[in-house]
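Working notes, structure below.
Note that the coordinates shown come from a computational prediction; the quantities given were computed from them, not determined experimentally. Residue numbers run from 1 in the order of the sequence given.
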Amino acid sequence: MLDERFSLAVEESLTGVLETMFFTSVLGDFTGETAPDKITATLSFNGEPSGSFWLAVSRPLAREMAANFLGCDDEIEEQQSEEVVRELANMVCGSVLSRVENHSRFDLSEPVVVQEAPSATLHRVFEVENGTVEIGLNTQP
């Protein structure tokens, strides 16, 4: 099991990235049933430690975040929502790793959209204004 440093880093990183880049806030942990309709992006990272990271955003929230991130008032296309979720995964994962292992260098793969989230040693679900964000993280020595 991942230690508490990773859990705290996930929460701090998500909060910082959402507030700075997407103009929305984490309201707290979410304990209810998550919506089945979401966009999930996953990536792997190599360094000390190596592992995998995934992030799933409820689809309506993903559209809203894409509009905020892109500064767009027009209708957001599905591809734009997916690209923004991939970028969110990249930013949050990088932030988590730099918070936990700030003296290590990491190589992150390009995030890809997947149909279902893989299993994870660390799994957290956050309530965000107008939706949820789930995060999963696995590390290996």
Is there a path of hydrophobic side-chain contacts, each under 4.5 Å between heavy atoms of I, L, V, M, F, W or Y residues, that connects [X] with [Y]?
{"X": "Val125", "Y": "Ile39", "value": "no"}
{"X": "Val17", "Y": "Leu70", "value": "yes"}
{"X": "Val10", "Y": "Leu108", "value": "yes"}

Counting N and O atoms only, with roles assigned by atom type, does the side chain of [X] sit under 3.5 Å from a partner on the main chain of [Y], one being a donor and the other an acceptor?
{"X": "Ser98", "Y": "Ser95", "result": "yes"}
{"X": "Ser109", "Y": "Ser44", "result": "yes"}
{"X": "Ser52", "Y": "Thr139", "result": "no"}
{"X": "Ser50", "Y": "Gly47", "result": "yes"}

Are the side chains of [X] and [Y] in touch, meaning some heavy atoms are under 4.5 Å apart?
{"X": "Glu129", "Y": "Leu27", "answer": "yes"}
{"X": "Phe30", "Y": "Val133", "answer": "no"}
{"X": "Val96", "Y": "Ile135", "answer": "no"}
{"X": "Ser81", "Y": "Phe69", "answer": "no"}
{"X": "Ser7", "Y": "Leu122", "answer": "yes"}
{"X": "Gln80", "Y": "Glu75", "answer": "no"}

Worked check of salt bridge (charged side-chain N to carboxylate O under 4.0 Å, His left out) between Glu12 and Arg5: CA-CA 10 Å; Glu12 291 174 346; Arg5 296 176 308 149; over 6 Å; no

Please report the shortest heavy-atom distance between [X] and [Y], naming the atom on each side.
{"X": "Ala120", "Y": "Trp54", "result": "CB-NE1, 3.6 Å"}
{"X": "Val100", "Y": "Ala9", "result": "CG2-CB, 3.5 Å"}
{"X": "Glu48", "Y": "Ser104", "result": "O-OG, 3.4 Å"}
{"X": "Val57", "Y": "Ala62", "result": "CG1-N, 3.6 Å"}

Only counting residues at least two apart or in another chain, list the ones meeting salt bridge (charged side-chain N to carboxylate O under 4.0 Å, His left out) with Glu134. Lys38

Partners passing salt bridge (charged side-chain N to carboxylate O under 4.0 Å, His left out) against Glu127 (at least two apart in sequence or in another chain): none

Step-by-step side-chain contact (heavy atoms from CB on, under 4.5 Å) determination, Thr121 to Leu137: CA-CA 6 Å; Thr121 306; Leu137 179 68; over 6 Å; no

With Glu116 via side-chain hydrogen bond (donor to acceptor under 3.5 Å, both in side chains) - residues at least two apart: none

Do Phe53 and Val92 pass the side-chain contact (heavy atoms from CB on, under 4.5 Å) test, and can you show the C-alpha distance, the side-chain angles, and the key distance before you say yes or no? CA-CA 9 Å; Phe53 178 92; Val92 173; 3.7 Å; yes

When the side chains of residues 82-91 are checked against the rest of the protein, which donor-acceptor pairs come out under 3.5 Å, sequence neighbours left out?
unit_1	atom_1	unit_2	atom_2	d
Glu83	OE2	Gln79	NE2	3.0
Arg86	NE	Pro111	O	3.0
Arg86	NH2	Glu110	OE2	3.1

Residue list, side chain to side chain contact (heavy atoms under 4.5 Å, CB included) with Ala67, at least two apart or on another chain: Ile76

Derivation of the side-chain contact (heavy atoms from CB on, under 4.5 Å) call for Asn130 and Thr24: CA-CA 9 Å; Asn130 301 319; Thr24 191; 5.9 Å; no

According to ring-ring contact (aromatic ring centres under 6.0 Å, His included), who are the partners of Phe45, at least two apart in sequence or on a separate chain? none

Do Arg124 and Glu11 pass the side-chain contact (heavy atoms from CB on, under 4.5 Å) test, and can you show the C-alpha distance, the side-chain angles, and the key distance before you say yes or no? CA-CA 9 Å; Arg124 299 219 27 211; Glu11 184 171 353; 3.1 Å; yes

Could you grab the distance from atom CD of Gln140 to atom CG of Asn46, nearest 0.5 Å is fine? 8.0 Å

